[in-house]
Amino acid sequence: MKPFENNENDLETGKLDKDRDKTARVHRVLKIHNQALLSGLAYCISSCSMILINKLVLSSYDFNAGISLMVYQNLISVVIVSILSFLGIISTEPLTWRLVKVWLPVNVIFVGMLITSMFSLKYINVAMVTVLKNVTNVITALGEMYLFSTHHDSRVWASLFLMIISAISGGVTDLSFHAVGYAWQIANCFLTASYSLTLRRVMDTAKQVTKSGNLNEFSMVLLNNTLSLPLGILLIFVFNEVDYLSRTPLLSLPTFWFVMTISGVLGLAISFTSMWFLHQTGATTYSLVGSLNKIPLSIAGILLFKVPTSLENSTSILFGLLAGVFFARAKMRTRSQS
């Protein structure tokens, strides 16, 4: 009887081990899914909130110092990242003169990208900004083709064509059309595309001049925001924002400073949440969610700021947003085939 009892115990133990393994696997899958869902929600909330709060500062408060707003936001990012690095929570590369020289061209484009985005948001409603940002994808695709010999299939080109049509039709039917705002946004599209294309070339060179031979995302955030401060302060004097800042009563309002500070924290939150979400999922899911994220953002922008619109303009906006989703899916299929 003893051997039989031992076999019975072994069978029971084996079942228990299998159950434990199965439970552990389920918990791991749930944990991964929860992390991906949580990081995706955090990314969507922070990116939407950042654009809406910038629109609030520049339009609702009628703040006419977009460069000063950018400098303040970047200063907050530098302070927070520096504190986290000092406490050992994150690791960042030390700023050396060799690294600064390599990174400076990228930073000039980065500052131009932020400033043009600020100025365009002051004059254009959020929904049209999101549609016009699709032009960046067209410029980037052309740049990749000529600079990196990247091949795009017919689905990608079809989606890019739809983006151009939606941007033109959206501008024609925009009831709150502002030529200056559109000019700033077109400039922003060129600078954003230039930033992504230049970043690809400079990153490899920058890694070679760092002490560790690597340049993580936190180091890039610190590097970009730190180098933007002296350039931004110079531009404040060039555009004579000092005179405006000395006269505006907004700087005496605690609520205005609170909103400005929140916008700076959200700017850094986008960097953190985008890296977190990208790590939990992948580039394809990240790009698709980024495109889908524009739909609720556009609706929120129209409702919150009471933007005058028409059926034709609303249709062109929806058409442009769907074209962005189609573009993300086309890129996903291209990556999976390659």
Side-chain angles (χ1 to χ4, degrees), residues 28 31-50 70-114 117 192 194-233 260-287 289-290 293 335:
R28 278 198 296 271
K31 186 177 180 181
I32 292 170
H33 286 171
N34 289 337
Q35 286 280 328
L37 179 62
L38 186 62
S39 60
L41 285 173
Y43 166 66
C44 291
I45 291 170
S46 60
S47 60
C48 287
S49 301
M50 178 65 179
M70 179 210 71
V71 171
Y72 185 70
Q73 290 175 346
N74 291 358
L75 178 63
I76 291 174
S77 297
V78 170
V79 171
I80 295 175
V81 172
S82 298
I83 291 172
L84 293 176
S85 179
F86 178 76
L87 295 175
I89 299 174
I90 61 173
S91 61
T92 56
E93 285 293 324
L95 301 183
T96 61
W97 178 241
R98 291 179 64 195
L99 182 59
V100 168
K101 283 197 298 183
V102 170
W103 200 264
L104 195 57
V106 179
N107 187 254
V108 172
I109 300 172
F110 172 73
V111 171
M113 180 181 70
L114 293 181
S117 176
T192 304
S194 301
Y195 177 72
S196 62
L197 293 169
T198 308
L199 191 63
R200 286 179 59 179
R201 285 178 173 268
V202 172
M203 276 182 67
D204 292 333
T205 309
K207 288 177 182 178
Q208 296 173 6
V209 298
T210 57
K211 290 185 177 180
S212 65
N214 192 22
L215 191 68
N216 60 27
E217 289 84 356
F218 297 107
S219 298
M220 285 190 284
V221 169
L222 182 62
L223 185 60
N224 256 339
N225 288 281
T226 302
L227 292 181
S228 70
L229 295 180
L231 183 57
I233 292 170
M260 287 249 292
T261 305
I262 290 297
S263 69
V265 174
L266 285 172
L268 184 59
I270 291 174
S271 300
F272 285 129
T273 54
S274 60
M275 286 185 288
W276 182 24
F277 185 44
L278 194 60
H279 177 70
Q280 292 297 326
T281 54
T284 51
T285 307
Y286 175 80
S287 61
V289 170
N293 194 32
R335 287 193 190 101

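Only a predicted model underlies this, so the values are computations on that prediction, with no experimental measurement involved. Positions are given from 1, in the same order as the sequence printed here.
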Partners of [X] by side chain to side chain donor-acceptor pair (under 3.5 Å), sequence neighbours excluded?
X    : result
S77  : none
S263 : Q73
S117 : none
T261 : Y72

Does [X] use its side chain to pair, donor to acceptor, with the backbone of [Y] at less than 3.5 Å?
X    : Y    : result
S228 : N225 : yes
T226 : L223 : no
S46  : Y43  : yes

Would you indicate whether the side-chain heavy atoms of [Y] and [X] approach each other to under 4.5 Å?
X    : Y    : result
V209 : T96  : no
I76  : L268 : no
V111 : M70  : yes

In Å, rounded to the nearest 0.5 Å, how long is the span from [atom1] of [X] to [atom2] of [Y]?
X    : Y    : atom1 : atom2 : value
L197 : T192 : CG    : OG1   : 11.0 Å
L222 : L227 : CG    : CG    : 9.0 Å
I109 : L114 : CD1   : CG    : 12.0 Å
L231 : F110 : CG    : CZ    : 11.0 Å
C44  : I270 : SG    : CD1   : 11.0 Å

Taking all non-hydrogen atoms of both residues into account, name the closest pair between [X] and [Y] and its distance.
X    : Y    : answer
L229 : V71  : CD2-O, 3.6 Å
T273 : A42  : CG2-CB, 3.7 Å
P94  : L99  : O-CD2, 4.0 Å
V202 : V102 : CG1-O, 3.6 Å
S49  : I45  : OG-O, 2.6 Å

Enumerate the ring pair (Phe, Tyr, Trp, His ring centres under 6.0 Å) contacts for residues 78-105, please, sequence neighbours excluded, ordered by first and then second residue.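 Output for this query is empty, none listed.
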Check side chain to side chain contact (heavy atoms under 4.5 Å, CB included) between S219 and all other residues, then give those that pass, not counting sequence neighbours.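 Testing S219 for side chain to side chain contact (heavy atoms under 4.5 Å, CB included), a comparison that skips the adjacent residues, returns T92, E93, L215, N216.
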